[in-house]
Amino acid sequence: MEEKYNPQQLEAAARQYWEKNRSFKVIEEPDKEKFYCLSMFPYPSGELHMGHVRNYTIGDVISRYQRMLGKNVLQPMGWDAFGLPAENAALKNARPPAEWTYANIEYMKGQLKLLGFSYDWDRELATCDADYYRWEQWLFTHLVKKDLAYRKKAAVNWDPVDRTVLANEQVIDGRGWRSGAVVEKREIEQWFLKITDYAQELLDGLDKLPGWPEQVVAMQRNWIGRSEGVTVDFNIEETDEKLTVFTTRPDTLMGVTYMAVAAEHPLALRAGEGNADIAAFIERCRQGGVSEAEIETVEKAGIALDINAVHPITGGIVPIYAANFVLMGYGTGAVMAVPAHDERDFYFARKYNLSIKPVIVPSHWEGKDISESEINSAAGEAELSEDRRVPALSIKDDLPLIWDEWDTRFSEKGILRRSARFSGLTSDQAFDAVAEHLNAGGKGGRQINFRLRDWSVSRQRYWGCPIPIVKTPEGIEPATGLPVKLPQDIIVDGTGSPLKRMPEFYDLGDGRERETDTFDTFFESSWYYARYCCPDADQSMLDERAKYWLPVDQYVGGIEHAILHLLYARFFNRLMRDEGLVDNDEPFTRLLTQGMVVAETWYRQNEDGSKEWFNPADIETERDNKGKVISARLKSDGRPVFPGGIEKMSKSKNNGVNPQTLIDRYGADTVRLYIMFTSPPEQLLEWSDEGVEGASRFMKRLWNLASAHPGIGGLVVSNGIVDNQKNARREVHEHLKKALFDYERQQFNTVVSACMSIVNVLYRFGGSDDGKRLLAEGLGIVLRLLGPIAPHITHTLWRELDYGDDILNAPWPEVDESALVRDSIEMVVQVGGRVRGRITVAVDADNAAIEAATLANKNVQRFIDDVEIRKIIVVPGKLVNVVV
RNA sequence: GCCAGAGUGGUGAAAUUGGUAGACACGACGGACUCAAAAUCCGUUGCUAGCGAUAGCGUGCCGGUUCGAGUCCGGCCUCUGGUACCA
């Protein structure tokens with residue numbers, strides 16, 4: 001046995017052993033409990049970064065843990081290989097995206113192998129392989145036939161200079177990232193999947209996911225956004241047309257004072273034809289990108305169309321505005337506005353001097369009414385004054401009738417006033433009454449609405465899966481002869497998809513043309529988890545093996561996928577279910593969302609004001625006597641650098657730590673241990689080189705302890721009783737209990753803490769003959785507890801110390817409850833909730849004995865001397881609180 | 001803007017979920033070993049006062065509930081993720 005810890009050598013040997021024994025190859029074994037553990041597959045961007053290492057280490061720890069519990073564990077790996085970065089790299093290097101992508105896959109695969117992950121590599125897949133994407137093309141043609149896929153126009157970001165569609169990420173401050181031109185919204189024909197048909201089911205399914213983080217469930221619930229409301233038809237004055245809106249607050253219908261439509265709404269476009277101001281406004285609204293964050297933060301603006309609507313109940317006249325915050329793609333592209341009871345409507349009304357008509361008062365406002373004298377004009381009841389101005393309404397007591405500032409109470413439900421036949425009803429009663437009234441008059445009725453919109457899957461890009469559609473003179477039809485293969489040897493030039501310039505791809509003769517758009521890359525990542533079960537199935541998308549493995553028992557990935565990817569995958573699973581391909585509704589039983597990896601940034605200011613960023617590896621720091629960093633300089637020139645804050649590891653801030661360098665230097669086990677130890681999996685992980693040193697030190701400490709006792713594994717005799725080392729053995733089993741508990745709740749940092757504590761105990765007490773038996777048992781426990789986290793060293797020591805042949809087949813350690821028994825316990829004594837002392841009492845002491853011991857404590861007596869004791873609270877086994 | 005999180009020593013964090021705040025580490029300081037250094041081992045380490053026993057203060061800020069609050073409730077501040085074409 002090597003005297004010194006030599007990670008490079010032992011890790012290579014351990015990996016060789018696993019490879020030779022095909023340790024992680026799995027097949028379906030119906031008699032064995034299965035466990036499918038999946039980490040989100042990487043985009044092959046070039047090299048592995050720390051985020052990947054963290055994600056895959058967490059997944060591997062869970063996989064190996066489940067395997068040691070005796071389950072049939074599947075852990076696959078593959079490549080999310082289509083996407084925008086390949087096109088950007090292709091543009092830069094003038095090489096085909098396919099070449100770049102496959103080279104990256106080769107390199108990153110080599111890096112993954114160095115980390116000792118227990119993947120079944122026989123199941124590897126890459127989404128850019130036609131063997132993979134042919135099946136999503138197949139599914140799509142079925143969806144077209146089932147009317148679950150359809151075409152409609154939708155807005156995209158258009159760069160008028162580069163004449164190309166931009167991703168939201170490529171729009172920076174409203175301008176194209178390469179051209180710098182102001183981006184425009186442009187409506188183009190696109191394919192959509194009817195995810196809204198599944199909205200209710202996707203919402204209900206969230207209740208059946210107790211293994212998901214509550215925050216993710218909450219985000220998905222809000223994203224789907226079910227709301228019960230009413231549709232209302234407003235006639236357009238002097239025409240036969242109508243404007244339909246949806247509202248969740250029909251109780252405020254009598255307070256409507258204006259309507260707002262999207263700038264691209266047909267009514268607005270028509271008004272713009274005869275009015276230069278309106279046309280200019282519509283043009284201004286066209287500028288800027290389509291992302292919600294951009295649209296919602298832009299200042300609200302509108303313009304009167306000089307078209308009026310007719311209130312469906314009062315017959316009053318309501319002006320129609322075009323507004324930049326109403327979007328054509330959402331609902332009907334029109335909203336009714338109630339400025340007295342909606343914040344956004346309120347500020348818009350103030351900006352354009354529109355009427356504000358309060359119609360709801362607080363529930364406790366029995367009998368009181370809104371003073372008519374303070375309102376001189378309100379749509380639906382009186383003609384608007386000439387300039388549509390309304391004087392300020394005053395607030396009385398807690399009346400929601402203020403004009404100057406908005407109060408959130410204004411939007412609360414209450415009792416209706418000034419609402420004709422509905423006055424006096426509560427908001428809830430009015431909801432029903434208004435809905436029935438509209439329904440009876442043929443002017444609307446109840447409706448359930450979802451915030452969720454249908455999924456646009458068309459992308460005007462090259463490096464993606466071709467949409468299998470053919471345009472013929474007779475119309476649109478699904479392609480036959482799948483797969484429709486993506487041409488590979490292509491040079492990208494940044495002016496739109498090269499497929500559009502390749503008649504050999506799209507021109508099928510007889511006026512028949514292939515679709516040249518490709519699928520959104522979320523399409524591929526929405527079903528890869530299922531394909532891993534049967535990656536070689538060549539007669540169908542999935543086969544019977546999928547029904548053995550699915551659902552995924554544990555999914556691990558970044559929190560940034562909380563909504564889109566996870567929702568699309570839940571949707572796809574249902575699409576595949578409805579094709580009879582899978583049995584289950586939900587694809588992922590448990591979900592762990594891991595936090596990002598961040599690091600300190602360092603910079604120097606250049607003379608032109610720009611900043612130069614330096615890698616943390618090239619910096620040395622100086623600390624004060626408390627250990628606080630007071631200055632830092634670049635190693636190479638010794639001149640100072642300055643901290644720029646802690647940020648996500650990135651190329652732009654040059655704060656990435658290369659996993660490869662660390663593996664070369666410390667070995668994979670140390671990197672894995674550090675990552676698992678330094679933060680709980682769901683939290684942000686702040687990188688620290690010193691922390692890695694600490695992890696490395698622990699590895700050596702473990703190795704040194706073990707190598708000093710060759711063959712000690714043979715001393716383990718049925719949890720060998722150790723008389724003279726009772727306290728030490730109790731500590732070991734207490735830490736073991738803690739570690740087992742933390743494995744179950746997936747808090748791996750404290751699993752490592754517990755292992756460190758056990759090693760500390762063994763260092764102190766492992767010397768004598770009895771100590772050797774303690775050591776034999778304790779080391780056996782630590783090796784198995786660390787097995788999933790640091791697999792190479794534990795594999796090696798398990799064999800070298802004679803514990804057994806293969807630690808993967810060892811039984812998982814169990815707590816010996818008899819080792820935990822104590823004779824006496826220490827309890828904390830508080831007076832008035834403040835700790836004043838400690839008492840030692842027998843384990844079975846009753847409350848009277850505990851109280852007596854408490855009152856006998858000298859320091860306690862100091863604090864109860866001249867005050868009255870009201871009562872004494874005893875928390876068994878923990879503390880005593882004397883209430884004074 | 002909207003939705004969802006997070007904030008604890010010099011640092012990463014722990015606190016079995018309302019019961020001893022700071023486990024386990026990192027760093028720093030002191031010691032042993034060494035000609036010396038590295039490595040290793042041992043000790044001290046929330047802040048303030050005190051030789052000490054001990055006391056006061058302390059979990060982003062303000063307020064509340066409770067015998068008792070890092071944990072529960074109300075209101076803020078700052079940071080992070082998502083926001084439908086980054087993946």
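FYI, side chains are in, hydrogens and waters are out, and symmetry mates aren't considered; it's all heavy atoms of this structure. So you know, we letter chains A, B, ... as the sequences are listed, proteins then strands, and number each from 1.
- Between Asp520(A) and Arg459(A), at least one side-chain nitrogen of the basic residue sits less than 4.0 Å from a carboxylate oxygen of the acidic one, meeting the salt-bridge criterion.
- Between Glu299(A) and Lys351(A) there is a salt bridge, since at least one side-chain N of the basic residue sits less than 4.0 Å from a carboxylate O of the acidic one.
- Looking at heavy-atom distances under 4.0 Å, His565(A) makes no contact with the nucleic acid at all.
- Minimum atom distance to the side chain of Tyr763(A) is reached by rC41(B), of the listed rA55(B), rC41(B), rA13(B).
- The side chain of Ala167(A) sits closest to rC86(B) out of rA55(B), rG27(B), rC86(B).
- Nucleic acid contact for Phe522(A): base, since at least one base atom lies under 4.0 Å from a heavy atom of the residue.
- When Watson-Crick and G-U wobble pairs are counted only if both distances are under 3.5 Å, rA39(B) pairs with no nucleotide at all.
- Donor-acceptor pairing under 3.5 Å is recorded for the side chains of Asn760(A) and Arg701(A).
- Counting non-hydrogen atoms under 4.0 angstrom, Lys738(A) reaches the backbone sugars and phosphates but no base.
- Across all strands shown, rA14(B) forms no Watson-Crick or G-U wobble pair with both distances under 3.5 Å.
- One finds no side-chain N or O of Lys858(A) lying less than 4.0 angstrom from the OP1 or OP2 phosphate oxygen of rA53(B).
- At the heavy-atom level, Thr297(A) lies under 4.0 Å from base atoms of the strands shown.
- Proximity of Arg834(A) to the phosphate of rG19(B): no side-chain N or O atom is located under 4.0 Å from OP1 or OP2.
- Comment: Asp159(A) does not engage Arg163(A) in a salt bridge, judged by the lack of any side-chain N to carboxylate O separation of less than 4.0 angstrom.
- Distances shown here put a side-chain N or O of Asn168(A) below 4.0 Å from the OP1 or OP2 atom of rA84(B).
- Across every strand in view, rG56(B) sits in a pair with rC47(B) that passes the Watson-Crick or G-U test at under 3.5 angstrom.
- Side-chain N/O atoms of Asn222(A) and base N/O atoms of rC3(B) include no donor-acceptor pair closer than 3.5 Å.
- If you check every strand for non-hydrogen atoms under 4.0 Å, Leu684(A) touches sugar and phosphate atoms only.
- Within the 4.0 angstrom heavy-atom criterion, only backbone atoms of the sugar-phosphate kind lie near Gln747(A); the bases stay farther away.
- OP1 or OP2 of rA87(B) has at least one side-chain nitrogen or oxygen of Thr521(A) nearer than 4.0 Å.
- Here Pro213(A) lies out of heavy-atom contact (under 4.0 Å) with every strand.
- Among the atoms of the strands shown, none is found under 4.0 Å from any heavy atom of Ala562(A).
- Among the protein residues, Ser291(A) comes within range of the sugar-phosphate backbone only, with heavy atoms under 4.0 Å from sugar or phosphate atoms but none that close to a base.
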Practice prompt. Could you check Phe677(A) against Phe748(A) for ring pair (Phe, Tyr, Trp, His ring centres under 6.0 Å), going step by step and ending with a plain yes or no?
Written response: CA-CA 7 Å; Phe677(A) 174 59; Phe748(A) 305 112; over 10 Å; no
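- Using a 4.0 Å cut-off between charged side-chain N and carboxylate O, Glu693(A) and Arg665(A) make a salt bridge.
- Look at Asn760(A) and you'll find a side-chain N or O under 4.0 angstrom from OP1 or OP2 of rA25(B).
- Nucleic acid contact for Asp742(A): none, since no nucleic acid atom lies under 4.0 Å from a heavy atom of the residue.
- Using the Watson-Crick or G-U wobble rule with both distances under 3.5 Å, rA4(B) pairs with rU80(B).
- One cannot find a donor-acceptor pair under 3.5 Å joining the base of rU16(B) and the side-chain atoms of Arg745(A).
- At a cut-off of 3.5 angstrom, the base of rG12(B) holds no donor-acceptor pair with the side chain of Glu690(A).
- Within the structure, every side-chain polar atom (N or O) of Ser753(A) is placed at least 4.0 Å from both OP1 and OP2 of rA25(B).
- Arg451(A) has no side-chain polar atom (N or O) that falls below the 4.0 Å cut-off from OP1 or OP2 of rU83(B).
- Because its glycosidic torsion is more than 90° from 0, rG30(B) is reported here as anti.
- In this structure rC86(B) sits in no base pair that meets the Watson-Crick or G-U test at under 3.5 Å.
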